[in-house]
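Numbers restart at 1 for each chain; the letters A, B, ... are given by sequence-line order, proteins then strands.
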Amino acid sequence: MEKRKIQTPFDEPVLSLAFDTLKLNKQCLIFVNTKRSAEKTAEEIAKNVTAENPDLLTIALDAKSALSSPTHQCERLSFCLRKGIAFHHSGLAAKQREIIEEKFKEGVVKIICCTPTLAYGLDLPAFRVIIKDLKRFGRQGLAWIPVLDYLQQAGRAGRPKYDSRGEAIAIAQTDSEKEKIIDLYIHGEPEPIHSKLAVEPALRMYLLSLIATEMVSSKKEIFLFFEKTFWAHQYQDSSRLETIIERMLELLEEWEFIRENEEQYRATPLGNRVSQLYIDPFTAFQMTECLRRAASKTVDTFSFLQMISYTLEMRPLVKVKTKEFEEIQTQVASFHEVLITEEPGPFDAEYDEFLDSFKTALMLHEWMNEQTEEFLLENFSVRPGELQAKLDIAEWLLYTAQEMSTLMHFQSLHRHIAKARFRIKYGAKEELFALLRLENIGRVRARKLFAQGIKDLGDVKKADIEVLARLLGKGIAQSVKKQVGQPELLTKTLEGFT
DNA sequence: GGACGGTGAAACTTCAGGTTGCCTC
DNA sequence: GAAGTTTCACCGTCC
């Protein structure tokens, strides 16, 4: 292996390496351990790059206009992209991620500073990979990342089609750290792979679905099935395994998702649906409890937002900052009447998480009241990409809640939940519902129309095409008119209108 | 004497990512 | 554990 001295014009080794890569006219990925750090590193590099080209300007603009109202994060990304540098993490809008990945593949974007997201799933090889942080914050504070993660990141180096070799560079702060890295990652063994089946939610879901689909019905069959899994193979102790499965069966029965009759297990209608919806039975059970409570008290949209926020699926939650602690507490008190989850006491272990769920619900609530991504970023520290992920899950959970309310014969709740779900999906108030049914009309356009007194499909019909075109643009105005059944009328009127 | 502003050190805060689900409200 | 952010004491300046 050849050795080469790299010039170090910067104090920060990552910067020097980045510029060395640019000088070689190659590309690199820089792995760091936080989103903030990814953004900052990219920015630092970009600040020192002089070259700008028109290609990059268009990308930068595209990235900025990915959202109807650009956030601070968008501006920052746009600034970096103008220099051919990018940062990449789960907080980015999907469209922005697409742009970055595509342009990196094309060789237009030279450097991506990213969190470990990019190491998995995506096929984005680079000549050089720089692993800046080999430690990551976890349960026991800052700890060395698993060897598997290191290999996954280092494995991005070298593009088979273009380079005969690749470079993976790990950065050590001290000599002793250097030793440690060589020991741990270069000579170390990857950790053994563990079956995920042993994770409780997975086991619960799996077990219920096996019964619901009638793949198995007696205990004996169930044990037999699991004995053949990788989990059992790893576990080696089949009696303990059986204890775990038995306990799980008891729970599923207690939750009324399965029933035992003459040694045969069958899923109940509710259990069947839960299994089809692919939701953790524990979450489903908690929902049934909440819905029962909801049926006998006054509830509003927020009740359900908090209910879904207080589930495993919604994690990680929006965290209550130390400063906000009291404020959130008082808010909880004022919402007390409508909450349908079981509220833990201030000294219970789950209390913090309960407050987090409440804050998460507040965030969702702001979204459905038409607050912008920027507002949510500023006030809840939720980035656009994370917001979208949360919204998807929230919508799905509300759907399952809706389905369950039907099976439980809570018709009044059903309507309530369906409404909440629609509002989560579009991030809009109820008054925009009619307009949102139109294709190409999201909350922004709907709000524009509404502000001009065009409030429903009838108004759209009555509205002058030119007015619509001014608000929505010509193409969309036409499409909208067509959707309300007035296609030919406008082609004429629109002639000469640009 | 007091309001204001700048400075730096200490105290505090925060920290990756994630697949499927369902079907129209 | 470390980087980034906020808070706060301290000092000098100006009115």
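One atom, CG of A:Asn33, and another, P of B:dG17, lie 11 Å apart when rounded to the nearest Å. Distance, A:Lys132 NZ to C:dA3 P: 8 Å, rounded to whole Å. A:Arg139 has its CZ atom 16 Å from the P atom of B:dA16, to the nearest Å. In this structure, CZ of A:Arg136 is placed 17 Å from P of C:dG1, rounded to the nearest angstrom.
Side-chain nitrogen and oxygen atoms of A:Thr115 include at least one within less than 4.0 Å of the OP1 or OP2 phosphate oxygen of B:dG17.
The residue A:Lys425 sits close to a base: some heavy atom pair falls under 4.0 Å. The residue A:His89 sits close only to the backbone: its heavy atoms come under 4.0 Å of sugar-phosphate atoms, none of a base. Backbone-only engagement by A:Leu277 is indicated by non-hydrogen atom pairs under 4.0 Å involving sugar-phosphate atoms exclusively. Residue contacts shown for A:Gln276 are limited to sugar-phosphate atoms, with no base heavy atom under 4.0 Å away. As judged by a 4.0 angstrom heavy-atom cut-off over every strand, A:Arg273 is placed among residues touching the sugar-phosphate backbone only.
For A:Lys321, the listed nucleotide lying nearest its side chain is B:dT14; candidates were B:dT14, B:dT24, B:dA16. Considering only the side chain of A:Thr34, B:dA16 comes nearest among B:dA16, B:dC22, B:dG18. Candidate nucleotides B:dA16, B:dC25, B:dC15 were compared by shortest atom distance to the side chain of A:Lys35, and B:dA16 ranks first. Closest contact between the side chain of A:Asp149 and the listed nucleotides C:dA2, B:dC15, B:dA16 involves B:dA16. Relative to the side chain of A:Thr322, the nucleotides B:dG18, B:dT13, B:dC23 differ in distance, and B:dT13 lies closest. You'll find that the side chain of A:Tyr399 is closest to B:dC22, out of B:dC22, B:dA16, B:dC25. Of all nucleotides listed (B:dG18, B:dC25, B:dC15), B:dC25 comes nearest to the side chain of A:Phe422.
Geometrically, A:Arg447 engages A:Phe450 in a cation-pi contact, judged by NZ or CZ lying under 6.0 Å from the ring centre and within 45° of the ring axis. A cation-pi arrangement is present between A:Arg443 and A:Trp367, with the terminal nitrogen or guanidinium carbon under 6.0 Å from the aromatic centre and inside a 45° cone about the axis.
B:dA16 is unpaired under the criterion used here, namely a Watson-Crick or G-U wobble arrangement in which both key atom distances are under 3.5 Å.
A 6.0 Å sphere centred on CD of A:Glu326 holds no more than 12 heavy atoms belonging to other residues, nucleotides or ligands. Within a 6.0 Å radius of CZ in A:Phe230, other residues, nucleotides and ligands contribute more than 12 heavy atoms. Under a cut-off of 6.0 angstrom, the local environment of NZ in A:Lys178 is sparse, with at most 12 non-hydrogen atoms contributed by other residues, nucleotides or ligands.
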Carefully, step by step, assess A:Lys359 and A:Glu324 under the rule salt bridge (charged side-chain N to carboxylate O under 4.0 Å, His left out).
CA-CA 10 Å; A:Lys359 191 181 171 190; A:Glu324 309 163 329; 2.9 Å; yes

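Annotation: of the two residues near DNA chain B, A:Val320 and A:Gly91, the 5′-most nearest-nucleotide partner is A:Val320.
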Restricting to nitrogen or oxygen on both sides, can you table the protein-nucleotides 4-8 of chain C pairs closer than 3.5 Å?
from	atom 1	to	atom 2	distance (Å)
C:dG4	OP1	A:Lys40	NZ	2.7

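Contact check for A:Arg315 versus A:Asp356: no side-chain heavy atoms found under the 4.5 Å cut-off.
Between the side-chain ring of A:Phe137 and the base of B:dC15, a stacking contact exists by the 5.5 Å and 30° definition.
For A:Glu370 (side chain) and A:Lys429 (main-chain N/O), a donor-acceptor pair under 3.5 Å exists by modelled atom type.
The separation of C:dA2 from B:dG18, taken at their P atoms, amounts to 27 Å, rounded to a whole angstrom.
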